[in-house]
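Only this structure's heavy atoms are used, side chains among them; waters, hydrogens and symmetry mates stay out. Chain A is the first sequence line, chain B the second, and so forth, proteins listed ahead of strands; every chain is numbered from 1.
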Amino acid sequence: MTDIRVNRLVKQWDSIRAVDGVSFTAEAGTLTVLLGPSGCGKSTILRMIAGLESVDDGEVRIGGRNVTRRDPAKRGISMVFQSYALFPHLDVRENILFGLKVRRVDVAERESRLAEAAHMVGLEGLLDRRPAQLSGGQRQRTALARTIVAKQPVCLMDEPLSNLDAKLRAEMRDEIRQLQRRLDLTMIYVTHDQTEAMSMADQVILLRRGKIEQTGTPEELYENPLSDFVARFLGTPAMNLLPVSAVEGATAKHVKAAFLGIRPEKLRICDAGMPVEVSAADYMGAETILRMQYGDCTLMARIEGRSRARQGDRLHIAWDENDAHLFDKDGKRLGGESLSHGPTDDTVRSGITAFRASP
Amino acid sequence: MRHVYGWLLLTPAAILLIAFTHFPTLATVYESLFSKGSTIRPSRFTGFSNYESMMEDPVFWKVLTNNFWFAVGTIPLSVGLAIAMALLVNRTLPGRSLLRLAYFTPTILPMIAVANIWLFFYSPDIGLIDQILGSFGIAGHNWLGDPDTVLPAIILMTVWKEAGFFMIFYLAALQHFPEELEEAATLEGASRWYYFRRVVFPLLMPTTLFVLINAVLNSFKLVDHLFVLTKGGPNNASNLLLYYIYENAFSYFDTNYAATLTVVLLVILAVLALAQFFFLDRRIHYR
């Protein structure tokens with residue numbers, strides 16, 4: 001089985017550390033998503049694993065072998081690029097077979113792999129077309145077919161869906177996930193789209209400024225964010241963050257807590273609680289997103305179905321204390337590990353209760 | 001009303017084209033059907049007799065052969081060199097812009113100046129080439145005075161002049177290449193040569209067609225250097241078709257024969273351009 005181990009990886013561009021001591025393990029046959037805002041170094045990490053970018057420090061091991069300085073073609077990987085990197089003058093067939101011809105795979109084997117891959121991604125009948133004659137989704141499939149025929153144990157994907165429209169993106173997400181499972185690929189998938197990360201990943205690695213912010217399953221990251229950055233990055237609308245000082249009765253019991261985080265779907269409208277004024281109500285069909293003002297703070301709430309709240313309405317909101325996340329002034333989680341499993345830390349959260357109306 | 005506007009808008013360009021391209025072309029064909037006129041014997045219509053005497057003119061065949069070898073010698077070499085130079089200066093290397101400029105310099109220089117520089121290179125005994133060869137104990141040679149070496153000498157100079165110009169077009173094309181293509185090929189284990197052969201060269205074909213047409217035209221059009229270097233000599237060994245036309249028109253004042261030769265030149269150029277379009281165009285991928 002082929003796992004990928006990245007050890008204290010460093011990439012330096014002049015004075016900027018684009019990748020700053022990143023370590024993680026992608027277990028064999030799993031899908032790891034490198035997630036982060038643009039410029040966080042996720043693509044650079046992927047390119048260093050591929051061997052397209054030199055490694056300044058640290059090492060990359062694929063299947064137990066140190067490949068840090070190895071030729072990209074000998075690392076046992078295939079890759080899908082954001083732009084698909086299809087050769088515009090070659091038809092689909094030649095594009096898919098390009099690598100096999102380079103590697104001098106014999107004709108019969110080539111044809112059988114081509115037929116299999118074309119069938120898998122549904123490109124039969126399009127093999128004689130040039131990339132310019134294909135739709136975005138078909139180009140994407142051609143790029144996928146190219147990695148399928150390569151039969152490499154590791155597949156790297158660099159924002160493969162960012163050029164597709166929303167509907168196609170959801171479709172391709174499923175297909176890539178299925179493909180990864182079916183071929184038992186060890187896949188590293190780079191994206192800035194948190195929905196892709198949440199829906200596809202076995203493991204999410206959230207990066208910020210060249211460093212790992214948090215590693216874990218999508219559930220762990222969502223339910224137990226280790227920093228306010230993680231908390232705000234995952235989920236739409238983002239988690240509400242309030243300065244503890246602004247929240248009635250919250251500061252007394254935990255001196256270190258500076259921010260209180262609460263997911264929009266955990267906010268309830270009730271008769272008594274935090275008084276807010278609705279500044280916008282976006283009806284989405286299955287849900288309504290309310291934007292509300294509380295002093296200087298803006299809060300978002302996700303209400304199921306259709307809300308009767310209108311702009312300018314004054315409401316009261318409340319939440320369960322178990323749903324509150326606490327962060328210190330540097331944005332680090334307080335008492336975090338205990339939230340989803342283990343005993344709760346009473347000193348931390350007893351101060352945050354469902355709100356009573358302020359005087 | 002719209003037709004009037006349309007024609008009015010076309011008029012300025014049409015006047016220029018008709019006055020300086022179409023009318024002269026037709027006039028040339030017309031002139032070629034008349035005999036050479038003088039004050040005593042005025043020019044008269046002689047049909048194809050100019051063409052008949054052209055077929056029997058040994059100098060005509062000589063310059064045509066010369067032009068053929070000149071084209072064969074300059075075009076593949078300068079195009080190949082242009083691609084090689086463009087590939088070289090397209091990668092990141094120290095002093096890249098300086099190198100690009102250096103390759104392009106021959107193009108900036110006027111042909112007459114270039115010819116003068118090379119005249120010095122080729123001078124027997126005191127010239128640069130002979131001096132270098134002399135330091136290795138090789139005797140001097142009159143490169144431009146020897147009918148065997150004069151055409152290759154001129155071909156070499158033309159390649160030097162043309163390659164930098166064509167390089168610019170290839171460089172422009174290469175800069176539009178997405179980097180991922182090379183990376184994708186690298187990941188598959190394609191060697192540089194394989195990548196060039198299967199990807200770069202085919203994708204450069206539109207540029208190559210453009211460059212080839214220009215190169216062919218230039219091999220018939222560029223004769224400035226002959227004025228400085230050889231005047232077509234010795235014994236017409238370096239004479240080219242256009243220079244021969246010039247000689248006939250302005251040295252021998254036989255404008256009708258010059259017109260006849262010009263018609264031949266036009267036909268050759270038209271056939272070559274069309275042939276390239278039809279043969280190559282079908283095999284080219286345009287983005």
Side-chain angles (χ1 to χ4, degrees), chain A residues 43 46-54 67 70-91 94-105 110 129-133 139 142-147 149-152 154-160 163, chain B residues 79 82-83 86-87 90-97 169-213 276-287:
Chain A
S43 282
L46 193 78
R47 292 169 57 83
M48 282 156 96
I49 296 170
L52 297 172
E53 209 75 72
S54 66
V67 296
R70 194 180 285 251
D71 187 278
K74 293 177 184 147
R75 295 186 178 204
I77 53 168
S78 58
M79 185 161 170
V80 174
F81 293 83
Q82 184 174 358
S83 61
Y84 315 139
L86 299 179
F87 302 112
H89 60 299
L90 300 178
D91 58 22
E94 289 300 316
N95 262 295
I96 295 173
L97 291 178
F98 187 87
L100 299 186
K101 285 193 175 173
V102 174
R103 294 181 198 273
R104 296 175 193 282
V105 175
R110 235 157 47 192
R129 296 233 190 134
R130 297 240 172 107
Q133 299 164 307
R139 282 179 215 176
T142 309
L144 286 178
R146 200 154 65 175
T147 76
V149 296
K151 298 219 164 171
Q152 304 283 10
V154 171
C155 180
L156 307 177
M157 300 216 160
D158 189 1
E159 311 220 14
N163 291 340
Chain B
V79 171
I83 295 178
L87 287 172
N90 190 42
R91 40 186 83 247
T92 40
L93 76 175
R96 180 172 67 169
S97 12
F169 298 107
Y170 281 113
L171 190 57
L174 283 174
Q175 304 215 316
H176 282 102
F177 270 48
E179 262 177 59
E180 286 91 31
L181 291 188
E182 187 165 11
E183 290 175 350
T186 311
L187 283 174
E188 302 285 10
S191 65
R192 278 225 178 108
W193 169 243
Y194 189 88
Y195 175 66
F196 175 79
R197 195 166 56 82
R198 288 279 326 266
V199 181
V200 178
F201 191 70
L203 288 179
L204 283 176
M205 278 312 276
T207 312
T208 303
L209 175 64
F210 174 79
V211 163
L212 273 181
I213 288 174
Q276 291 182 79
F277 260 123
F278 286 112
F279 280 115
L280 290 174
D281 214 38
R282 258 180 285 149
R283 312 178 51 183
I284 288 179
H285 170 78
Y286 290 98
R287 266 181 284 186

Note, B:Pro202 side chain near A:Leu90 side chain (heavy atom, < 4.5 Å)
no

With a 4.5 Å heavy-atom cut-off, do A:Arg47 and B:Glu183 have their side chains touching?
yes

Between A:Met79, A:Arg103, A:Lys74, A:Gln82, which has the largest tally of heavy atom pairs under 4.5 Å with chain B?
A:Arg103

Heavy-atom pair of closest approach, residues [X] and [Y]:
X	Y	answer
B:Glu188	A:Ala73	C-CB, 4.1 Å
A:Pro72	B:Thr186	CG-CG2, 4.2 Å
B:Leu181	A:Pro88	CD1-CD, 4.1 Å

Distance (rounded to the nearest 0.5 Å) between B:Tyr195 OH and A:Phe98 CZ:
8.0 Å

Residues, nucleotides or ligands: over 12 heavy atoms within 6.0 Å of A:Arg70 CZ
yes

If you draw a 6.0 Å radius around CD in A:Gln133, do more than 12 non-hydrogen atoms from other residues or ligands fall strictly inside?
yes

Interface moiety of A:Phe87 toward chain B, non-hydrogen atoms closer than 4.5 Å
both

For A:Leu100, which atoms come within 4.5 Å of any heavy atom of chain B: side chain, backbone, both, or neither?
neither

Test A:Lys101 against B:Arg198 for side-chain contact (heavy atoms from CB on, under 4.5 Å), laying out the working first.
CA-CA 11 Å; A:Lys101 285 193 175 173; B:Arg198 288 279 326 266; 3.9 Å; yes

